[in-house]
Amino acid sequence: MTELPTRRDFLRQTALAATALAGSSLHGVGAGGPPGQTSTALPWYRRTLRWGQTNITEMDPERYDIAWWRNYWHRTQTQGVIINAGGIVAYYPSRVPLHRPAQHLNGRDLFGELCRAAHEDGLVVLARMDSNRAQETLYRAHPDWFGVDGAGQPYRAGDLFVACVNSPYYEQHIPAILREIIERYRPEGFTDNSWSGLGRGNPCSCENCQKRFRQRTGQAIPNDKSWNNPLYRQWIKWNYERRLELWDFNNRITKAAGGPDCIWVGMNSGSIAGQSQSFRDYREICRRAEIIMLDHQSRSDATGFQHNGQTGKLIHGLLGWDKLVPESMALYQAGKPTFRLASKPEAEARLWMVEGIAGGLQPWWHHIGAYHEDRRMYRTAEPLYRWHKANQEYLVNRRPLATVGVVWSQQNTDFYGRDDSDTLVELPGRGLTQALIRARIPYLPVHADDLERDAAQFSLLALPNLAAMSDAQVAAVRHFVERGGNLLATGQSSLFTEWGEPRPDFALGDLFRAHRTQARHADDEATRRKWAADTAHSYLRLAPELRARMEGPPVGTEPLAPSTERHPALRGFEETDILPFGGVLEPLRTDDGAQVLMTFVPPFPIYPPETAWMREPKTDVPGLIVTATARGGRIAFLPADLDRRFGRDNLPDHGDLLANLVRWAAKDRLPLALEGPGLIDCHLCHQPGRAILHLVNLTNAGTWRQPVHELIPVGPLRVLLKLPEGVRGKSVRLLVSGQKSSAAVAKGWSRFQLNSLLDHEVAVLT
Ligand SMILES: [Zn+2]
């Protein structure tokens with residue numbers, strides 16, 4: 001299962017792309033001469049590896065020091081810049097009616113001056129639009145261009161009015177601006193900060209929307225938000241389709257005016273929930289896009305730096321690994337709290353950047369405003385960008401190596417997660433992937449609709465509460481298992497249709513060897529949300545119990561010898577017969593061949609202590625079921641939502657058990673082992689002739705509470721790595737520390753040591 005059926009194709013593609021990339025740098029792309037002059041160069045969206053953005057405020061036309069910023073572009077080896085052009089305000093003298101000039105523009109052609117300077121310096125220019133709001137003058141002239149709420153009032157954001165995606169604002173006004181900018185300035189392409197208009201939380205009831213929805217469905221837009229109403233779900237789908245139409249429409253406009261490479265690429269989020277709220281179908285967008293401009297500027301405490309590495313892998317999984325995904329990385333204090341004009345602590349900004357690079361993203365420094373009194377923010381990008389340039393061939397066009405695929409879908413976020421996707425969908429996914437990172441197990445996100453194409457590279461598919469599944473997705477998982485694949489599923493996986501309607505039983509129940517006997521947590525939305533949100537004083541009992549088999553001293557006086565009777569998934573828990581849980585389970589009927597390794601201990605009081613004893617110490621309600629398939633595969637079904645619990649509660653037992661399950665179900669077919677202390681995110685990749693291990697050190701006092709104040713080194717670390725086809729693996733080059741060493745190679749594995757890891761390191765094995 002670890003062999004890639006398409007590996008040969010991939011190697012060929014990568015070799016071609018790497019050659020072309022090297023060729024383009026020989027032609028001086030990004031370092032002199034307008035891009036696109038050489039016939040052999042790749043289009044800008046395939047070769048622009050380092051980006052930058054000075055996000056212009058309306059005050060800046062009076063103080064924008066272009067010479068200073070040109071020098072900054074040069075110092076940071078930046079190859080492409082995103083320059084504010086039009087939309088809410090224009091940074092050039094526009095002739096489009098009611099396209100309001102920025103407040104302090106005073107006739108200056110700031111966009112034009114910057115665009116010319118960047119082109120003279122050989123940089124790619126993306127004209128940045130912010131197209132979904134306008135001032136009152138435009139609203140008064142064209143009230144039908146703007147969104148209307150259920151009470152018939154226009155949507156407003158501060159003193160601006162919010163435009164509707166079904167109106168001539170998007171079909172005439174914005175295209176006129178795009179054409180004007182192209183004809184006058186010839187930017188390479190366009191981004192747009194808020195192209196997708198009003199989100200799910202602000203449904204539009206304007207006449208344009210009503211007319212189009214009626215044409216489509218024969219019915220009026222539903223007034224009530226009710227996920228159980230099929231018409232509401234149709235409205236959701238209709239909104240998604242409209243954004244895709246806009247994506248295609250904008251590209252037709254820019255290509256017609258600026259040529260085939262003058263593409264419009266919007267902007268997208270690193271949060272699937274955010275994409276859902278904005279009706280942006282990530283998979284469909286990636287099928288259309290040549291490049292993804294990712295607006296995902298900093299971490300949250302809950303998701304950590306590792307979310308950036310994962311986001312890179314998730315988007316490349318949809319887009320392809322030969323394309324680029326630059327990410328806007330805030331150099332100001334972004335997140336909680338936000339201070340637009342204060343520098344983000346360098347260590348915090350740097351860790352976010354290196355995690356993104358490790359996940360396959362391209363850096364894009366981002367400053368708000370063109371003038372800063374906190375000049376420390378200028379210090380962060382330069383050293384990292386210089387390192388990036390020196391080592392760029394190892395940082396793009398690299399294919400990740402992982403035997404564990406974590407299955408996800410946006411429809412699960414929409415139609416199962418509904419208004420509580422963080423608890424129902426994000427937390428289980430986060431808990432599972434955090435357990436994998438903690439255990440140094442390489443994994444890749446894989447979209448449920450791409451399983452037939454992508455699953456064969458994996459030994460194990462993991463379904464972290466992938467509840468809403470279409471029949472086709474269920475069939476693809478089944479197909480994977482029939483071919484000998486292994487499976488780990490948790491919670492309510494496969495218990496709902498793709499529309500979020502409960503099924504009578506798990507669609508994969510025959511594989512889980514477990515079936516529903518009663519309807520409770522799943523069927524009613526409120527019960528489901530409470531079930532996922534609550535923490536109960538409940539436990540899981542491990543089977544078999546070792547206490548009863550123990551002879552000699554009482555528990556706690558002597559460590560017990562590891563038992564041979566317990567299942568390997570419970571390894572490490574020999575000194576306990578129970579684990580803390582926190583969730584609530586309902587009875588399941590199990591099939592022959594199912595082995596129940598944990599059972600539910602129902603909640604009992606915590607306070608006062610006198611009451612804290614188990615009322616029902618034993619039940620037969622299963623918490624964990626393992627089975628072997630007829631084809632020799634392994635299946636673990638974890639009704640106990642330990643992935644969600646670990647995502648929320650961070651108890652090491654839950655992380656250890658999840659990692660155990662993955663190792664067991666994957667039959668230990670993992671390409672990497674890393675020994676040594678610390679929380680380290682491991683990205684293992686392959687290029688023709690070499691393996692690349694990109695390690696990010698997340699061991700820090702600020703790991704779960706931003707910002708990081710200082711970097712703390714860990715090491716030594718011992719690495720054992722399974723060599724991909726065509727890699728000798730005897731020589732190791734470290735791209736950050738600059739050291740070279742040799743590795744011991746035996747039976748297709750390479751072993752070497754890293755003495756110290758500060759923020760990140762890239763080991764190249766040849
Ligand atoms: Zn509307």
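Throughout, numbering of the chain's residues begins at 1 and tracks the sequence. Read the numbers this way: they start at 1 and go in the same order the structure lists the ligands and their atoms. Not measured: the values here are computed from a predicted model.
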Practice task
Would you please indicate if the ring centroids of Tyr240 and Trp235 are separated by under 6.0 Å?
Solution key: no
Problem - Pair Gln411, Gln473: side-chain N/O donor-acceptor within cut-off below 3.5 Å - result: yes
Exercise for the section: Work out how many protein N, O or S atoms lie closer to the Zn ion (ligand 1) than 2.8 Å. Expected result: 4
Practice task
Have a look at Gln234 and tell me which of Thr217, Ile221, Asn229 forms a side chain to side chain contact (heavy atoms under 4.5 Å, CB included) with it.
Solution key: Thr217
Exercise for the section: Quickly, which of Tyr91, Tyr185, Tyr64 forms a ring pair (Phe, Tyr, Trp, His ring centres under 6.0 Å) with Phe111? Name it, please. Expected result: Tyr185
Handout entry: salt_bridge(Glu171, Arg242) N-O dist < 4.0 Å
Key = yes
Handout entry: Trp247 ring center within less than 6.0 Å of Trp264 ring center
Key = yes
